[in-house]
Amino acid sequence: MPSTYDVRVSCKAPQQKVFDLVADATSWPKWAGPVIRWGGWVVEGEPAPGGVGAIRKLGSKQLGTREQIIEYDPPHYMAYTILTPMPVRDYRAIVSIDPEGDGCRITWAASFEGKFPGAGAATAWGLKRFIGNLVVRLARYAETH
(Lines give C-alpha, C1' and ligand atoms only; values in the text may rest on other atoms or scores of the structure.)
Protein backbone atom coordinates (compact mmCIF):
# COMPACT_ATOMS: atom_id res chain seq x y z
CA MET A 1 0.00 0.00 0.00
CA PRO A 2 1.48 3.39 -0.96
CA SER A 3 2.36 5.99 1.63
CA THR A 4 1.16 9.54 1.03
CA TYR A 5 1.21 13.07 2.32
CA ASP A 6 -0.89 16.09 1.38
CA VAL A 7 -0.28 19.69 2.47
CA ARG A 8 -2.63 22.61 1.68
CA VAL A 9 -1.91 26.28 2.38
CA SER A 10 -3.85 29.39 1.37
CA CYS A 11 -1.81 32.26 -0.02
CA LYS A 12 -2.74 35.89 -0.75
CA ALA A 13 -0.30 36.11 -3.70
CA PRO A 14 -1.39 35.55 -7.32
CA GLN A 15 -1.32 32.01 -8.72
CA GLN A 16 1.28 32.85 -11.41
CA LYS A 17 3.70 34.38 -8.89
CA VAL A 18 3.57 31.32 -6.64
CA PHE A 19 3.97 28.92 -9.57
CA ASP A 20 6.95 30.89 -10.88
CA LEU A 21 8.69 30.63 -7.50
CA VAL A 22 8.17 26.89 -7.03
CA ALA A 23 9.00 26.10 -10.68
CA ASP A 24 12.31 28.02 -10.67
CA ALA A 25 15.01 25.97 -8.93
CA THR A 26 17.24 29.04 -8.64
CA SER A 27 14.62 30.89 -6.52
CA TRP A 28 14.38 28.21 -3.82
CA PRO A 29 17.25 29.51 -1.63
CA LYS A 30 15.35 32.82 -1.32
CA TRP A 31 12.18 31.32 0.14
CA ALA A 32 12.73 27.72 1.20
CA GLY A 33 14.73 28.25 4.37
CA PRO A 34 18.11 27.14 5.64
CA VAL A 35 17.98 23.55 4.36
CA ILE A 36 17.87 24.73 0.72
CA ARG A 37 20.99 26.87 0.41
CA TRP A 38 21.41 26.28 -3.34
CA GLY A 39 19.13 25.49 -6.28
CA GLY A 40 19.94 24.98 -9.93
CA TRP A 41 19.39 23.02 -13.11
CA VAL A 42 21.34 19.86 -13.96
CA VAL A 43 19.34 19.41 -17.20
CA GLU A 44 16.90 21.88 -18.74
CA GLY A 45 13.45 20.70 -19.78
CA GLU A 46 10.85 21.64 -22.35
CA PRO A 47 10.08 24.49 -22.13
CA ALA A 48 13.43 25.62 -20.71
CA PRO A 49 14.54 25.75 -18.07
CA GLY A 50 12.11 23.89 -15.79
CA GLY A 51 9.64 22.10 -18.04
CA VAL A 52 9.14 18.37 -18.64
CA GLY A 53 12.41 16.45 -18.47
CA ALA A 54 14.23 19.09 -16.42
CA ILE A 55 16.37 17.85 -13.56
CA ARG A 56 16.80 20.29 -10.70
CA LYS A 57 19.15 19.99 -7.76
CA LEU A 58 18.16 21.51 -4.43
CA GLY A 59 19.99 21.72 -1.10
CA SER A 60 23.66 22.40 -1.65
CA LYS A 61 25.93 21.99 -4.64
CA GLN A 62 27.67 19.04 -2.96
CA LEU A 63 24.75 17.28 -1.24
CA GLY A 64 21.65 18.28 -3.12
CA THR A 65 18.57 16.26 -3.95
CA ARG A 66 17.98 15.69 -7.67
CA GLU A 67 14.38 15.83 -8.87
CA GLN A 68 13.03 15.36 -12.39
CA ILE A 69 10.02 17.30 -13.66
CA ILE A 70 7.55 14.85 -15.23
CA GLU A 71 4.51 17.12 -15.75
CA TYR A 72 4.43 20.88 -16.23
CA ASP A 73 1.31 23.01 -16.76
CA PRO A 74 1.93 26.63 -15.73
CA PRO A 75 0.49 28.23 -13.68
CA HIS A 76 -1.65 25.29 -12.52
CA TYR A 77 0.60 22.41 -11.53
CA MET A 78 3.83 20.51 -11.90
CA ALA A 79 4.79 16.99 -10.93
CA TYR A 80 8.20 15.56 -10.16
CA THR A 81 9.98 12.43 -9.06
CA ILE A 82 13.09 12.16 -6.89
CA LEU A 83 16.19 10.71 -8.53
CA THR A 84 18.44 10.83 -5.45
CA PRO A 85 18.45 7.49 -3.58
CA MET A 86 15.98 7.42 -0.69
CA PRO A 87 14.43 4.73 1.52
CA VAL A 88 11.39 4.86 -0.81
CA ARG A 89 10.69 4.09 -4.46
CA ASP A 90 8.17 5.30 -7.03
CA TYR A 91 8.06 8.77 -5.42
CA ARG A 92 5.74 11.10 -7.31
CA ALA A 93 4.75 14.56 -6.07
CA ILE A 94 2.30 17.05 -7.53
CA VAL A 95 2.37 20.75 -6.67
CA SER A 96 -0.94 22.41 -7.59
CA ILE A 97 -1.65 26.12 -7.38
CA ASP A 98 -5.34 26.88 -7.71
CA PRO A 99 -7.08 30.29 -7.65
CA GLU A 100 -8.75 30.99 -4.33
CA GLY A 101 -10.39 34.37 -3.68
CA ASP A 102 -7.86 37.11 -4.43
CA GLY A 103 -4.97 34.68 -4.07
CA CYS A 104 -4.43 30.96 -4.43
CA ARG A 105 -4.30 27.62 -2.63
CA ILE A 106 -1.08 25.62 -2.76
CA THR A 107 -1.47 21.84 -2.58
CA TRP A 108 1.66 19.69 -2.39
CA ALA A 109 0.94 15.97 -2.36
CA ALA A 110 2.98 12.83 -2.95
CA SER A 111 2.79 9.07 -2.96
CA PHE A 112 5.53 6.43 -2.78
CA GLU A 113 6.36 2.91 -1.62
CA GLY A 114 8.76 2.08 1.21
CA LYS A 115 11.81 0.01 0.25
CA PHE A 116 11.61 -1.84 3.57
CA PRO A 117 8.99 -2.24 6.35
CA GLY A 118 8.20 1.05 8.05
CA ALA A 119 10.17 3.20 5.58
CA GLY A 120 7.07 4.51 3.82
CA ALA A 121 5.23 5.61 6.95
CA ALA A 122 8.34 7.14 8.54
CA THR A 123 9.23 9.00 5.35
CA ALA A 124 5.65 10.24 4.91
CA TRP A 125 5.65 11.59 8.48
CA GLY A 126 8.98 13.40 8.00
CA LEU A 127 8.17 14.72 4.55
CA LYS A 128 4.75 16.03 5.59
CA ARG A 129 6.44 18.12 8.30
CA PHE A 130 9.25 19.28 6.00
CA ILE A 131 6.98 20.04 3.02
CA GLY A 132 4.41 21.68 5.29
CA ASN A 133 7.05 24.12 6.51
CA LEU A 134 8.28 24.63 2.95
CA VAL A 135 4.81 25.48 1.63
CA VAL A 136 4.20 27.99 4.43
CA ARG A 137 7.55 29.65 3.60
CA LEU A 138 6.65 29.71 -0.11
CA ALA A 139 3.29 31.35 0.59
CA ARG A 140 4.70 33.96 2.97
CA TYR A 141 7.56 34.84 0.62
CA ALA A 142 5.19 35.20 -2.34
CA GLU A 143 2.93 37.46 -0.28
CA THR A 144 5.72 39.78 0.84
CA HIS A 145 8.12 39.99 -2.13
Side-chain angles (χ1 to χ4, degrees), residues 1-11 13 15-100 103-143 145:
M1 173 164 26
S3 294
T4 63
Y5 67 82
D6 185 321
V7 174
R8 298 167 193 261
V9 173
S10 292
C11 178
Q15 176 187 31
Q16 185 70 57
K17 182 177 185 180
V18 174
F19 184 88
D20 290 347
L21 286 168
V22 77
D24 178 9
T26 65
S27 79
W28 283 55
K30 296 174 189 171
W31 59 263
V35 175
I36 310 291
R37 297 185 318 272
W38 186 86
W41 302 107
V42 176
V43 173
E44 289 192 355
E46 182 59 42
V52 173
I55 298 175
R56 64 185 178 198
K57 187 174 178 184
L58 303 167
S60 73
K61 280 189 173 185
Q62 297 78 21
L63 298 173
T65 299
R66 293 179 310 112
E67 302 173 342
Q68 185 166 33
I69 308 305
I70 55 177
E71 294 181 39
Y72 185 79
D73 183 22
H76 309 288
Y77 74 93
M78 63 183 296
Y80 67 93
T81 188
I82 294 180
L83 302 176
T84 302
M86 293 180 63
V88 299
R89 65 178 168 268
D90 301 327
Y91 182 96
R92 183 177 190 282
I94 298 175
V95 182
S96 301
I97 297 103
D98 299 302
E100 181 179 75
C104 63
R105 182 182 67 251
I106 306 163
T107 303
W108 200 309
S111 66
F112 46 87
E113 298 280 343
K115 286 185 179 175
F116 53 85
T123 302
W125 180 84
L127 282 174
K128 183 168 185 166
R129 292 185 62 189
F130 175 75
I131 296 296
N133 182 275
L134 198 69
V135 175
V136 168
R137 287 176 175 272
L138 170 64
R140 299 311 158 245
Y141 184 89
E143 291 170 352
H145 289 81

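When a residue number appears, it is its place in the shown sequence, counting from 1. In this text the structure is predicted, and so the values were computed from the model without any measurement.
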Subject >> CG-CD1 distance between Asp90 and Ile82, expressed to the nearest 0.5 angstrom >> reply: 12.0 Å
Original post:
What are the two closest heavy atoms between Ala93 and Tyr5, and how far apart are they?
Top reply: CB-OH, 4.5 Å
Subject >> Approximate separation, where rounding is to 0.5 Å, of Thr65 OG1 and Met86 CE >> reply: 7.5 Å
**OP:** For Arg129, look at atom CZ and say whether over 12 heavy atoms of other residues, nucleotides or ligands are found less than 6.0 Å away.
**Re:** no
Original post:
Nearest 0.5 Å, what's the CD-CZ distance between Gln62 and Arg37?
Top reply: 8.0 Å
Subject >> Heavy-atom side-chain contact between Thr123 and Pro87 under 4.5 Å >> reply: yes
Original post:
Does a sphere of radius 6.0 Å around CZ in Arg140 hold more than 12 heavy atoms from other residues, nucleotides or ligands, not counting ones at 6.0 Å or beyond?
Top reply: yes
**OP:** For the residue pair Tyr80 and Ile55, establish whether any side-chain heavy-atom pair is separated by less than 4.5 Å.
**Re:** no
Original post:
For the residue pair Ser3 and Gly120, what are the closest heavy atoms and their distance?
Top reply: OG-C, 3.1 Å
**OP:** Specify the closest pair of heavy atoms between Gly114 and Arg89, including all atoms of both residues, with the distance to one decimal.
**Re:** O-NH1, 3.5 Å
**OP:** List the atom of Arg137, the atom of Pro34, and the distance in Å for their closest heavy-atom pair.
**Re:** NH2-CD, 3.8 Å
Original post:
Could you state the interatomic distance from CD (Gln15) to CD1 (Ile106), rounded to the nearest 0.5 Å?
Top reply: 10.5 Å
Original post:
Taking the side chain as C-beta and beyond, is there a heavy-atom pair between Glu46 and Tyr72 under 4.5 Å?
Top reply: no
**OP:** Indicate yes or no: at least one non-hydrogen side-chain atom of Phe19 is less than 4.5 angstrom from one of Tyr77.
**Re:** no
**OP:** Ignoring hydrogens and angles, tell me if any N or O in the side chain of Trp38 forms a donor-acceptor pair with the backbone of Leu58 under 3.5 Å.
**Re:** no
Subject >> 4.5 Å side-chain heavy-atom contact, Ile94 and Trp108 >> reply: no
Original post:
Roughly how far apart are Ile97 CD1 and Met78 CE, rounded to 0.5 Å?
Top reply: 8.5 Å
Subject >> Closest heavy-atom pair and its distance - Phe112, Val88 >> reply: CD1-CG1, 3.5 Å
Original post:
For Glu67 and Arg56, what are the C-alpha separation, side-chain angles and deciding distance, and is it a salt bridge (charged side-chain N to carboxylate O under 4.0 Å, His left out)?
Top reply: CA-CA 5 Å; Glu67 302 173 342; Arg56 64 185 178 198; 2.7 Å; yes
Original post:
If you draw a 6.0 Å radius around NZ in Lys115, do more than 12 non-hydrogen atoms from other residues or ligands fall strictly inside?
Top reply: yes
Subject >> Smallest separation among heavy atoms of Gln68 and Gly53, with atom names >> reply: NE2-O, 3.4 Å
Subject >> Lys57 side, atom NZ; Ile36 side, atom CD1 - distance, nearest 0.5 Å >> reply: 12.0 Å
